[in-house]
Amino acid sequence: MKALLEVVILPVSDLDRSLQFYRDQVGFDLDVDYAPAPGFRVIQLTPQGAGTSIQFGVGLTDAPPGSVQGLYLVVSDIEGGRSELTGRGVSVTEIRHKNTDGGWRGGFLPGLDPDRADYASFADFRDPDGNAWVLQERNHQPT
(Lines give C-alpha, C1' and ligand atoms only; values in the text may rest on other atoms or scores of the structure.)
Protein backbone atom coordinates (compact mmCIF):
# COMPACT_ATOMS: atom_id res chain seq x y z
CA MET A 1 0.00 0.00 0.00
CA LYS A 2 1.32 3.40 -0.94
CA ALA A 3 0.07 6.11 1.41
CA LEU A 4 0.92 9.63 2.52
CA LEU A 5 0.80 10.90 6.09
CA GLU A 6 -1.41 13.97 5.73
CA VAL A 7 -2.24 15.27 9.23
CA VAL A 8 -1.20 14.92 12.85
CA ILE A 9 -3.80 16.04 15.42
CA LEU A 10 -2.42 17.97 18.39
CA PRO A 11 -4.41 18.25 21.61
CA VAL A 12 -4.24 21.84 22.86
CA SER A 13 -6.09 23.83 25.51
CA ASP A 14 -6.22 27.30 23.89
CA LEU A 15 -6.75 27.37 20.13
CA ASP A 16 -5.82 31.00 19.54
CA ARG A 17 -2.66 30.75 21.69
CA SER A 18 -1.63 27.62 19.76
CA LEU A 19 -2.38 29.30 16.43
CA GLN A 20 -0.18 32.23 17.40
CA PHE A 21 2.60 29.90 18.57
CA TYR A 22 2.71 27.69 15.49
CA ARG A 23 2.11 30.45 12.92
CA ASP A 24 4.03 33.39 14.40
CA GLN A 25 6.75 31.73 16.46
CA VAL A 26 7.42 28.38 14.79
CA GLY A 27 6.70 29.77 11.30
CA PHE A 28 4.17 27.24 9.99
CA ASP A 29 1.82 28.36 7.21
CA LEU A 30 -1.86 28.66 8.12
CA ASP A 31 -3.92 26.51 5.73
CA VAL A 32 -7.35 26.47 7.37
CA ASP A 33 -9.19 28.09 10.27
CA TYR A 34 -12.72 26.79 9.86
CA ALA A 35 -15.56 26.96 12.40
CA PRO A 36 -18.87 26.04 10.75
CA ALA A 37 -20.65 25.38 14.07
CA PRO A 38 -20.19 26.33 17.75
CA GLY A 39 -18.99 22.82 18.69
CA PHE A 40 -16.49 22.45 15.87
CA ARG A 41 -13.39 24.35 14.77
CA VAL A 42 -10.38 23.07 12.89
CA ILE A 43 -7.10 24.93 12.48
CA GLN A 44 -4.53 23.42 10.12
CA LEU A 45 -0.96 24.58 9.66
CA THR A 46 1.89 23.17 7.59
CA PRO A 47 5.64 23.61 7.97
CA GLN A 48 7.03 25.36 4.90
CA GLY A 49 7.82 22.75 2.25
CA ALA A 50 6.29 19.85 4.20
CA GLY A 51 3.73 17.35 3.01
CA THR A 52 2.26 16.73 6.46
CA SER A 53 0.22 19.26 8.43
CA ILE A 54 -0.83 19.65 12.04
CA GLN A 55 -4.42 20.24 13.13
CA PHE A 56 -5.96 21.28 16.40
CA GLY A 57 -9.38 22.52 17.28
CA VAL A 58 -12.70 21.79 18.92
CA GLY A 59 -14.26 18.39 18.29
CA LEU A 60 -11.10 16.78 16.89
CA THR A 61 -9.68 14.71 19.76
CA ASP A 62 -10.27 13.67 23.34
CA ALA A 63 -6.55 13.35 24.06
CA PRO A 64 -5.32 15.53 26.93
CA PRO A 65 -3.56 18.77 25.92
CA GLY A 66 0.20 18.32 25.69
CA SER A 67 0.12 14.53 25.38
CA VAL A 68 1.77 14.27 21.93
CA GLN A 69 5.48 13.48 22.17
CA GLY A 70 8.26 12.90 19.64
CA LEU A 71 7.18 14.92 16.60
CA TYR A 72 10.18 15.53 14.35
CA LEU A 73 10.96 18.59 12.26
CA VAL A 74 13.85 17.75 9.95
CA VAL A 75 16.08 20.65 8.91
CA SER A 76 19.23 20.86 6.78
CA ASP A 77 20.89 23.31 9.18
CA ILE A 78 20.08 22.66 12.82
CA GLU A 79 22.05 25.66 14.05
CA GLY A 80 20.10 27.95 11.71
CA GLY A 81 16.78 26.30 12.55
CA ARG A 82 17.41 26.56 16.28
CA SER A 83 18.51 30.18 15.92
CA GLU A 84 15.39 31.07 13.92
CA LEU A 85 13.11 29.52 16.53
CA THR A 86 14.85 31.11 19.51
CA GLY A 87 14.80 34.45 17.67
CA ARG A 88 11.02 34.15 17.49
CA GLY A 89 10.78 33.46 21.22
CA VAL A 90 10.59 29.65 21.19
CA SER A 91 12.50 27.98 24.03
CA VAL A 92 14.74 25.38 22.37
CA THR A 93 17.23 23.13 24.13
CA GLU A 94 20.90 23.19 23.29
CA ILE A 95 21.95 21.00 20.37
CA ARG A 96 23.07 17.47 21.19
CA HIS A 97 24.38 14.63 19.05
CA LYS A 98 24.51 10.86 19.14
CA ASN A 99 27.46 9.38 21.02
CA THR A 100 28.49 6.72 18.53
CA ASP A 101 31.72 5.73 20.29
CA GLY A 102 31.55 1.93 20.25
CA GLY A 103 28.21 1.93 18.43
CA TRP A 104 25.17 3.99 19.29
CA ARG A 105 23.37 2.83 22.43
CA GLY A 106 21.05 5.79 22.87
CA GLY A 107 23.52 8.19 24.50
CA PHE A 108 24.15 11.80 23.54
CA LEU A 109 26.94 14.35 23.79
CA PRO A 110 26.60 18.14 23.80
CA GLY A 111 26.88 20.08 20.54
CA LEU A 112 26.71 19.26 16.85
CA ASP A 113 27.71 15.92 15.43
CA PRO A 114 31.36 16.50 14.40
CA ASP A 115 30.72 15.03 10.94
CA ARG A 116 27.27 16.65 10.55
CA ALA A 117 26.01 13.14 9.77
CA ASP A 118 22.37 12.69 8.83
CA TYR A 119 20.01 12.00 11.73
CA ALA A 120 22.73 12.64 14.33
CA SER A 121 22.11 16.17 15.74
CA PHE A 122 19.03 17.18 17.72
CA ALA A 123 17.38 19.97 19.73
CA ASP A 124 13.97 19.97 21.45
CA PHE A 125 11.11 22.38 22.05
CA ARG A 126 7.54 22.23 23.34
CA ASP A 127 4.39 24.10 22.46
CA PRO A 128 2.53 26.05 25.18
CA ASP A 129 0.65 22.87 26.22
CA GLY A 130 3.74 20.66 26.33
CA ASN A 131 3.41 18.78 23.02
CA ALA A 132 7.03 17.82 22.33
CA TRP A 133 8.98 18.45 19.13
CA VAL A 134 12.48 17.41 18.04
CA LEU A 135 14.58 19.29 15.50
CA GLN A 136 16.78 16.85 13.64
CA GLU A 137 19.46 17.60 11.05
CA ARG A 138 19.57 15.82 7.69
CA ASN A 139 21.21 16.74 4.37
CA HIS A 140 23.48 19.42 5.79
CA GLN A 141 25.44 21.14 3.03
CA PRO A 142 28.55 22.96 4.26
CA THR A 143 28.92 26.51 2.99
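Residues satisfying the side-chain contact (heavy atoms from CB on, under 4.5 Å) test with S83, not counting sequence neighbours, are none. Judged as a salt bridge (Lys or Arg N to Asp or Glu O under 4.0 Å), and not counting sequence neighbours, D113 has no contacts. Under the rule for a ring-ring contact (aromatic ring centres under 6.0 Å, His included), Y34 has no partner lying at least two apart in sequence or in another chain. Residues satisfying the side-chain contact (heavy atoms from CB on, under 4.5 Å) criterion with D124, sequence neighbours excluded, are T93, R96, V134. Every salt bridge (Lys or Arg N to Asp or Glu O under 4.0 Å) that R88 has, sequence neighbours left out, goes to E84. P64 is linked by a side-chain contact (heavy atoms from CB on, under 4.5 Å) to S67, counting only residues two or more places apart in sequence or in another chain. Applying the side-chain contact (heavy atoms from CB on, under 4.5 Å) test to A35 and every residue at least two apart in sequence or in another chain returns R41. Legend: residues meeting ring-ring contact (aromatic ring centres under 6.0 Å, His included) with F28, ordered by chain and number and at least two apart, are Y22, W133.
In this structure the side chain of I95 never reaches within 4.5 angstrom of the side chain of L135, judged on heavy atoms.
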For residues 71-79, dump all side-chain donor-acceptor pairs below 3.5 Å to protein atoms at least two apart in sequence or in another chain.
from	atom 1	to	atom 2	distance (Å)
D77	OD1	E79	N	3.2
D77	OD1	G80	N	3.1

Which donor-acceptor pairs under 3.5 Å do the side chains of residues 4-11 make with protein atoms, sequence neighbours left out?
none

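Side-chain contacts under 4.5 Å among hydrophobic residues (ILVMFWY), followed directly or transitively, place L109 with no other residue at all.
A donor-acceptor distance shorter than 3.5 angstrom exists from the side chain of D118 to the backbone of N139, with no hydrogens or angles considered. With hydrogens and angles disregarded, a donor-acceptor distance shorter than 3.5 Å links the side chain of R82 to the backbone of V92.
Sorted by first and then second residue, the pairs that involve residues 131-143 and meet salt bridge (Lys or Arg N to Asp or Glu O under 4.0 Å), not counting sequence neighbours, are R116-E137.
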